[in-house]
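Encoded as structure tokens, the structure appears first; notes follow it.
This is a predicted model, so every value here is computed, not measured. Order of the sequence lines sets the chain letters (A, B, ...), proteins ahead of strands, with each chain counted from 1.
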Protein chains: 2
Amino acid sequence: MNNTIRQHHAPHATMEDVARLAGVSLKSVSRVINNEPHVSAKLRAKVEAAITELDYVPDMAARSLAGSRTFIIGLLFDNPSPNYTMKVQSGVYRACVEHQYHLRIDQIDSSCSDDLVQAQLSAILRNSRCDGFILTPPLTDNQLVLDFLEKQGIRYARIAPDIQLDRAPCVLIDDFAAGAMVAHYLFNLGHRRFGIITGPDHHGAAHRRRDGFVSALRTMGLDGPILEAPGGFAFSGGIAAGQVLMDASPRITAIFATNDDSAAGAMVSCMRAGVTVPGDVSVCGFDDSWVAESVWPALTTVYQPIEEMAHRTALMLLDRTGQAATQTTLDFRLIVRDSVAAAP
Amino acid sequence: MNNTIRQHHAPHATMEDVARLAGVSLKSVSRVINNEPHVSAKLRAKVEAAITELDYVPDMAARSLAGSRTFIIGLLFDNPSPNYTMKVQSGVYRACVEHQYHLRIDQIDSSCSDDLVQAQLSAILRNSRCDGFILTPPLTDNQLVLDFLEKQGIRYARIAPDIQLDRAPCVLIDDFAAGAMVAHYLFNLGHRRFGIITGPDHHGAAHRRRDGFVSALRTMGLDGPILEAPGGFAFSGGIAAGQVLMDASPRITAIFATNDDSAAGAMVSCMRAGVTVPGDVSVCGFDDSWVAESVWPALTTVYQPIEEMAHRTALMLLDRTGQAATQTTLDFRLIVRDSVAAAP
DNA sequence: CGCAGTCTTGACAGCGCTGACAACGGGTGT
DNA sequence: ACACCCGTTGTCAGCGCTGTCAAGACTGCG
């Protein structure tokens with residue numbers, strides 16, 4: 001098959017045009033564009049004027065062919081939640097626009113065997129070089145992926161990683177503290193019998209939320225059992241987990257779901273079982289994703305600044321000149337809506 | 001700010017390596033890669049063997065610098081629904097991978113003034129050339145955007161356009177028929193008093209769904225009023241529209257929302273008003289998006305193959321060699337869940 | 001005043017590929 | 001046998017930019 005697309009570009013100004021207009025050499029224009037040192041203010045001004053006048057935009061293809069950068073960063077994800085992914089994408093995209101970079105998006109299925117994961121990665125890398133990658137959970141904590149990238153000498157930054165935080169730049173929230181916050185909130189409303197809906201096995205942040213929740217309850221003196229059921233961050237998983245939790249006797253009065261999707265599922269389980277939310281059982285989610293507002297009653301949840309986290313992560317990847325790993329922690333907050341009430 | 005990212009690529013095989021190994025000229029390798037005619041089977045085989053042996057992958061930057069193609073297509077969207085956008089993206093992305101193309105994503109805000117829309121487009125085009133663009137609603141029916149692209153001689157294809165279908169390749173479903181299908185379904189369940197939640201003003205497909213629905217009801221002999229309230233395809237719009245519709249007396253028994261998001265909002269309005277779904281009022285959505293399954297009761301809705309539509313659209317853009325506009329219509333189907341019942 | 005040392009600027013090759021064009025070779029018609 | 005044609009293969013310049021290296025401009029100091 002011969003895929004032929006041909007385009008007649010409007011003739012763009014080239015670096016040569018700029019150089020001629022500014023009366024300087026090609027290389028000087030290049031220096032200005034790349035913010036290189038050792039350029040006099042006068043020369044820079046001349047060149048910038050010419051660039052503006054000609055509405056010059058550097059040609060990415062030529063830049064990457066001649067130089068060692070590609071001006072592309074890749075976003076690797078393996079998260080089924082469209083909501084989460086879109087927010088991440090939008091944050092990373094914003095950083096790219098700000099830095100005249102391009103964004104490449106690739107989905108990886110990390111649930112398969114190591115060999116297959118490796119094959120997917122190789123294919124992506126072969127297919128187009130990138131200056132760096134952004135990893136989202138659960139890829140952030142996949143040793144295989146990290147090792148592979150490092151072995152190839154490819155830079156990357158991580159969003160909300162769990163392990164080995166100093167291995168590469170990353171941005172996260174204190175998931176443990178967030179879980180604890182939910183615990184305090186529910187405990188202070190009088191709840192004493194709790195259920196937790198956990199996330200995917202390999203999702204570090206989900207574990208930290210759960211650990212923070214449990215740890216805070218224990219610290220506050222709760223000594224009864226705390227039920228747990230796996231929700232896998234999916235709506236359907238939330239339904240199943242909700243059913244399991246509903247079966248307990250005496251019945252629990254509050255559920256902490258480690259993300260909103262599974263919280264929504266749990267609410268459906270309650271409805272089906274004839275249990276009212278929040279009258280009989282309170283439900284608290286995590287993410288403040290789009291579903292939180294579209295269920296009824298609206299979901300009380302923890303807001304985390306996903307878009308901003310993604311943006312910061314991308315900036316780390318783009319800005320850095322040195323090697324030192326950095327780490328940024330952003331704030332979360334409780335979003336009180338209608339799915340949590342005082343214990344019955 | 002000096003954004004310095006440098007990467008040491010593992011030394012890749014180049015076309016020259018392939019040519020040497022195969023014992024042919026550079027140009028012959030190029031011919032094979034680009035599927036050009038006038039290449040003997042023997043030569044092609046030799047080259048392909050060498051390519052496999054060396055694991056050669058053509059360098060995109062060099063290709064676009066030397067040739068007239070960029071190997072990038074752009075996806076332009078202005079749709080707030082993460083669900084819809086993700087599906088479109090995934091379909092287009094698949095087509096790109098199949099054709100060794102890259103995908104560029106750009107968001108446009110088309111609700112602002114014409115001048116600003118034009119400015120956004122110019123910025124996108126200046127920033128990086130593309131071999132073509134994919135448009136999603138409501139951009140598909142924005143005269144300004146279409147004119148602009150055509151004036152610049154840029155190819156594009158449309159997903160679910162409303163007007164001037166022969167202007168460019170497109171893929172769509174028969175929204176009118178889909179609306180009619182919903183009308184028949186509800187009418188046959190005994191419903192006679194209807195409310196419609198309409199979409200954004202400038203969204204052609206939303207109008208067609210509404211028109212098909214109304215037209216079918218009239219054809220079946222319904223002569224009472226059919227209420228309409230604007231939902232703007234948003235969850236919050238759906239709540240507002242739901243409230244308006246609930247105020248009617250005698251109360252309507254069925255609501256057709258032109259997308260799932262607004263249907264979910266309408267369901268919340270019902271709950272708040274103490275009206276049960278589907279006991280008192282039936283609600284039918286459109287899209288079979290993710291929310292359809294995460295509300296309670298689960299939403300009866302119309303499935304449209306968004307991912308597939310996007311994929312086909314991208315293939316049209318990539319495959320075509322001629323100029324003739326083409327058009328593909330795909331199937332939709334009713335997804336029966338729990339939000340619709342017989343009229344009370 | 002001259003010279004080393006530093007800052008600033010420029011000349012030029014070449015990144016990996018494609019497009020235009022040339023050259024080759026083998027079949028056809030006369 | 002010769003001219004002609006067409007399918008096939010090759011040669012080479014150059015796309016727009018950056019890295020290397022060298023030259024020029026300036027500074028301070030003996």
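- A/Q120 places a side-chain N or O within 3.5 Å of a backbone atom of A/D109 that can act as its donor or acceptor partner.
- Between A/S25 and C/dT9 there is no side-chain N or O to OP1 or OP2 distance below 4.0 Å.
- Across all strands, B/V29 comes closer than 4.0 Å to no nucleic acid atom at all (heavy-atom distances).
- Contacts of A/Y56 with the nucleic acid, taken as non-hydrogen atoms under 4.0 Å apart, involve only primed sugar atoms and P, OP1 or OP2.
- Following rounding to the nearest Å, B/D131 (CG) and C/dT18 (P) show an atom-to-atom distance of 13 Å.
- Contact annotation: B/R63 does not reach the phosphate of C/dC17 (side-chain N/O to OP1 or OP2, under 4.0 Å).
- Each of B/L26, B/I51, B/T52, B/V24 was evaluated against B/V18; a single residue qualifies, B/I51, per the side-chain contact (heavy atoms from CB on, under 4.5 Å) test.
- Distance B/D59 CG to D/dC17 P: 16 Å, rounded to the nearest Å.
- Proximity of B/S40 to the phosphate of D/dT8: no side-chain N or O atom is located under 4.0 Å from OP1 or OP2.
- For the pair B/H38 NE2 and C/dG19 P, the interatomic distance rounds to 14 Å; values are reported in whole Å.
- Between the CD atom of B/E36 and the C1' atom of D/dG7 there is a distance of 14 Å, given to the nearest Å.
- If you take CG of B/N35 and C1' of C/dT18, they are 15 Å apart, rounded to a whole angstrom.
- Of the listed nucleotides (D/dG19, C/dC17, C/dT18), C/dC17 has the atom at the smallest distance from the side chain of B/A62.
- B/R31 places its CZ atom 12 Å from the P atom of C/dA20, with the value rounded to the nearest Å.
- Position along DNA chain D of the nearest nucleotide to B/L65 versus B/L26 favours B/L26 as the more 5'-ward residue.
- At the phosphate of D/dG10, OP1 or OP2 sits under 4.0 Å from a side-chain N or O atom of B/S28.
- For the side chain to side chain donor-acceptor pair (under 3.5 Å) with A/R94, the lone residue among A/Q89, A/H99, A/E307 that qualifies is A/E307.
- Note on A/L43: only backbone sugar-phosphate atoms sit closer than 4.0 angstrom, heavy atoms only; bases stay farther off.
- For the pair B/K27 NZ and D/dT9 C1', the computed distance is 11 Å after rounding to whole Å.
- Interatomic distance, B/T136 OG1 to B/I306 CD1, rounded to the nearest 0.5 Å: 11.0 Å.
- DNA chain D is contacted by both B/A41 and B/A66; B/A41 maps to the nucleotide lying nearer its 5′ end (nearest heavy atom per residue).
- Using modelled atom types, no side-chain atom of B/D17 and backbone atom of B/A13 make a donor-acceptor pair closer than 3.5 Å.
- Separating the CD atom of B/Q100 from the P atom of C/dC17 is a distance of 12 Å, rounded to the nearest angstrom.
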